[in-house]
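Here is how names work: the chains are called A, B, and so on, in the same order as the sequence lines, proteins then strands, and each is numbered from 1.
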Number of protein chains: 2
Amino acid sequence: MTGAQRKTLQDIADAAGLSKAATSYALRGLRGSEATQARVRAIADELGYSADPIARALANGRSGNVAIVGSLRDLWRQGLAVMLSEGLRAQELSSIIADVDGSPQREAAVLRSLAAQRVDGIIALPVDPSAEYWTQVPEQTRIVSIGDALTARPESESVLFDNEYGVGTALQHLADLGHRTVGLLAPTLPTTPGRPAELLAQSLGDSMGLSVTVSSSPSSVHGAAHAASQLLAGRERPTALFCLGDSIAFGAYRAARDLGLQVPADLSILGFDDSELASLVSPELTTFGWDEQAIVDAAVSALTMPEGTGTASGRVMFRPIFIDRESTAPPSTPSAPSH
Amino acid sequence: MTGAQRKTLQDIADAAGLSKAATSYALRGLRGSEATQARVRAIADELGYSADPIARALANGRSGNVAIVGSLRDLWRQGLAVMLSEGLRAQELSSIIADVDGSPQREAAVLRSLAAQRVDGIIALPVDPSAEYWTQVPEQTRIVSIGDALTARPESESVLFDNEYGVGTALQHLADLGHRTVGLLAPTLPTTPGRPAELLAQSLGDSMGLSVTVSSSPSSVHGAAHAASQLLAGRERPTALFCLGDSIAFGAYRAARDLGLQVPADLSILGFDDSELASLVSPELTTFGWDEQAIVDAAVSALTMPEGTGTASGRVMFRPIFIDRESTAPPSTPSAPSH
DNA sequence: ACCCTGTTGTGAACCGGTTCAATTAGTTAC
DNA sequence: GTAACTAATTGAACCGGTTCACAACAGGGT
């Protein structure tokens, strides 16, 4: 039934008694009288015409598809990737999702292969934001990075997270509850030198009189459980755990359960990146959420925005939203003075 | 630094002292002597040439990108979508992910808009597999559907799930434990008439002497909690709940907790679609898992496979894998005879 | 009338590949 | 030595749009 041949620009031109050129201009409203434009437009959608994106892409040099690259291991990023793809689709852009699985080597490789694909934009959830390889992609390919700015590419735009605010409120919350020693579980991000969040936590903790022990953990529930139990097995057991990622927090729950610790009575757990499951586990996880849709919109519009519009600095910052649920409480034993 | 202009086919031709045509053939190994082919190939990658996918697409009429459409609400499908996108990328195919959010109307609309995009393949996780609108997409666009075959498009290939086996093992497991009345929570899928799983459960349950009450539930944790508590509030409270989807199962946990029921002592819960979180909740969820990678590979190869290769029927079937954890147990009170 | 400017419309070239039909070179056969 | 056939190579057309440079024509001003 769908046997009708695709209509081409020439078909419309013929039907309108105009040249290809005039028709092309008219359809895009670039030239010709109002009357002609309307007439051509009418004919076009009467015949069910729509321009072939491929031909158009070839002619004007842009492919119309962008890549979403980064480490998509955890649920949060995975969801974000899907939302981004959706958001781009709304702008008539196709997307390629490339999971680099947490490895800078793969990230570099993917970037290289992307060059051949002629993507005309990249949204990155960078594994290694300070890597040099980000300069390998041609300058005219716009890059928007989410989470961290690309140090090697200062002209690229970024959507940042206000970690200072997040870490600050988290530690303040714990300090207010009376905790004195807290453990911080940060995701393992290979090569990235100087993780801002950890450093922030150390200095902010200091100023609040908290002793913060930092430990890194894979983003998987199992890996995190392992990392958490090691942290809890230390001689000065922290009374609260601040987990940079809900998956890690879930791992911490498991570790607590394995060690026979009650949450939040014996151990407070604080998450990050509110997931749908956060309110499911028992006790419900106190965590930080994001306005994901806003983040996606910001990233998409940063990518599609004409040159240098928007914020002067080329960066937008989002604040996490504190969601106080049930997994934090004052420490049961007032943090003993050393031993 | 990356200032070098893109190499075009003509550049290679010049460097090799051949015509554009000869070069094109040689690069693809379609014509010319072995020697020439090798030489051209060498020159090409010495100059760092790679064919522009857009120009190629225009010339041979296929766009090289496929769409992944369907309801991507739950974590499982979301993860699958990302894996599919990855799998397609490995075959040099870009993908467009379109979430239709569970609405057949949106599904129809998305399909319509996809036609304009000239996708040359679709992988569907159909909301309404029996809808007529699947015939709207041109026949030459290959469709692979996952989960349900498209009744309106018998020629399309499908990757199916062996529900009979899954439901059978699930009910058998519950029957063996001594349960007599079980509730089935199936996801709400609007318009889909005659949900096979429900029917299956009814008849299989009959043959095992089980009384199965079917109820539908949204796939979100909250919605499911609501649906579950309604089911549990019925006068003949089931002693076990079989949830078609882990998210629903998590909702059931929450409902049980709200009602003060112990899992699995007072209520057994059985999930479906093993998620990473299944082993996290307490007690760990007994559920069914899938070999997702195999499913993805099957779908991708069904899409890329040349005409009519593969299974004669055009369908592959996967069996869920039973994962026995902690959330099922014999019913505490032997299922009372009515009241 | 005449020049100037501004708008509408046009043919042709172009984007970067693929493919057809025709030409040229290279073998083998008699 | 030449007919006969196969393999290598090529120019030109094509895919379906966009864009440039220029022609045709309108109205305004003096």
Side-chain angles (χ1 to χ4, degrees), chain A residues 4-41 43-45 47-65 92 94 115-120 138 140, chain B residues 4-41 43-45 47-65 92 94 115-120 138 140:
Chain A
Q5 207 51 54
R6 286 221 136 282
K7 296 281 177 288
T8 91
L9 183 59
Q10 187 64 62
D11 295 335
I12 310 304
D14 292 349
L18 284 176
S19 67
K20 251 173 69 178
T23 312
S24 172
Y25 286 127
L27 278 176
R28 288 172 299 153
L30 298 183
R31 283 217 212 167
S33 60
E34 279 297 331
T36 322
Q37 291 190 12
R39 190 168 59 87
V40 173
R41 210 114 51 184
I43 295 181
D45 51 51
L47 268 53
Y49 168 82
S50 73
D52 183 339
I54 309 244
R56 176 169 286 171
L58 179 58
N60 60 27
R62 69 183 79 266
S63 67
N65 55 25
E92 318 254 270
S94 342
Q117 295 243 21
R118 310 283 194 284
V119 292
D120 44 34
Q140 79 268 21
Chain B
Q5 207 52 55
R6 286 222 135 283
K7 296 282 177 288
T8 91
L9 184 58
Q10 187 64 63
D11 295 335
I12 309 304
D14 291 348
L18 283 176
S19 69
K20 251 173 67 177
T23 313
S24 171
Y25 287 128
L27 277 175
R28 288 172 299 154
L30 298 184
R31 287 210 208 168
S33 60
E34 279 298 331
T36 320
Q37 291 188 13
R39 189 168 59 87
V40 173
R41 210 115 51 183
I43 295 181
D45 51 51
L47 267 55
Y49 167 81
S50 73
D52 183 338
I54 310 250
R56 176 169 285 170
L58 179 58
N60 60 26
R62 69 182 78 268
S63 66
N65 56 23
E92 318 254 88
S94 344
Q117 295 242 24
R118 310 282 194 285
V119 293
D120 45 32
Q140 78 269 22

Which residues satisfy the side-chain contact (heavy atoms from CB on, under 4.5 Å) test with A:Ala38, sequence neighbours excluded? none
How many angstroms lie between atom OG1 of B:Thr8 and atom CG of B:Asp52, to the nearest 0.5 angstrom?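 Reported to 0.5 Å precision, the distance equals 10.0 Å.
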The reported gap from CG in A:Asp14 to OG in A:Ser19 (rounded to nearest 0.5 angstrom) is 10.5 Å
Which residues pass the side-chain hydrogen bond (donor to acceptor under 3.5 Å, both in side chains) test with [X], sequence neighbours left out?
X: A:Glu92; value: none
X: B:Ser33; value: B:Thr36
X: A:Arg41; value: A:Gln37
X: B:Asp11; value: none

Distance-only donor-acceptor hits, side chain of residues 54-64 of chain A, under 3.5 Å, sequence neighbours excluded:
from, atom 1, to, atom 2, distance (Å)
A:Asn60, OD1, A:Arg62, N, 3.4
A:Ser63, OG, A:Asn65, N, 3.2
A:Ser63, OG, A:Asn65, OD1, 3.1
A:Ser63, OG, A:Arg118, O, 2.7
A:Ser63, OG, A:Asp120, OD2, 3.3

Sugar-phosphate means primed atoms, P, OP1 and OP2; the rest is base. With that split, encode nucleotides 21-27 of chain C 5' to 3' as B, S or - using protein heavy atoms under 4.0 Å. B------
Distance check needed: C:dT7 P versus A:Leu30 CG, whole Å only.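 Rounding to the nearest Å, CG of A:Leu30 and P of C:dT7 are 14 Å apart.
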By nearest heavy atom, map A:Leu58 and B:Gly17 onto DNA chain D; which one lands nearer the 5' end?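 Per heavy-atom nearest nucleotide, the more 5' residue is B:Gly17.
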For B:Ile54, answer base if it contacts any base atom (sugar-phosphate contacts may also be present), sugar-phosphate if it contacts only those atoms, and nothing otherwise; contact means non-hydrogen atoms under 4.0 Å. nothing
Kindly give the heavy-atom pair with the smallest separation between A:Leu27 and A:Tyr49, and that separation in Å.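 The answer is CD1-CE2, 3.7 Å.
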Nucleic acid contacts - residues 32-40 of chain A versus DNA chain D, non-hydrogen atoms under 4.0 Å: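 Going residue by residue through residues 32-40 of chain A, none turns out to have a heavy atom under 4.0 Å of DNA chain D.
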Take the C1' atoms of the five end pairs on each side of the helix from C:dA1-D:dT30 to C:dC30-D:dG1, get both axes, and report the angle to 10 degrees.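 End-to-end axis angle for the helix from C:dA1-D:dT30 to C:dC30-D:dG1: 50°, rounded to 10°.
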Would you grab the first and last nucleotide of DNA chain D (5' to 3') that comes under 4.0 Å of any non-hydrogen atom in chain A? D:dG16 to D:dA21
For residues 20-29 of chain B, pull every pair meeting side chain to side chain donor-acceptor pair (under 3.5 Å), keeping only residues two or more places apart or in separate chains. B:Ser24-B:Arg28
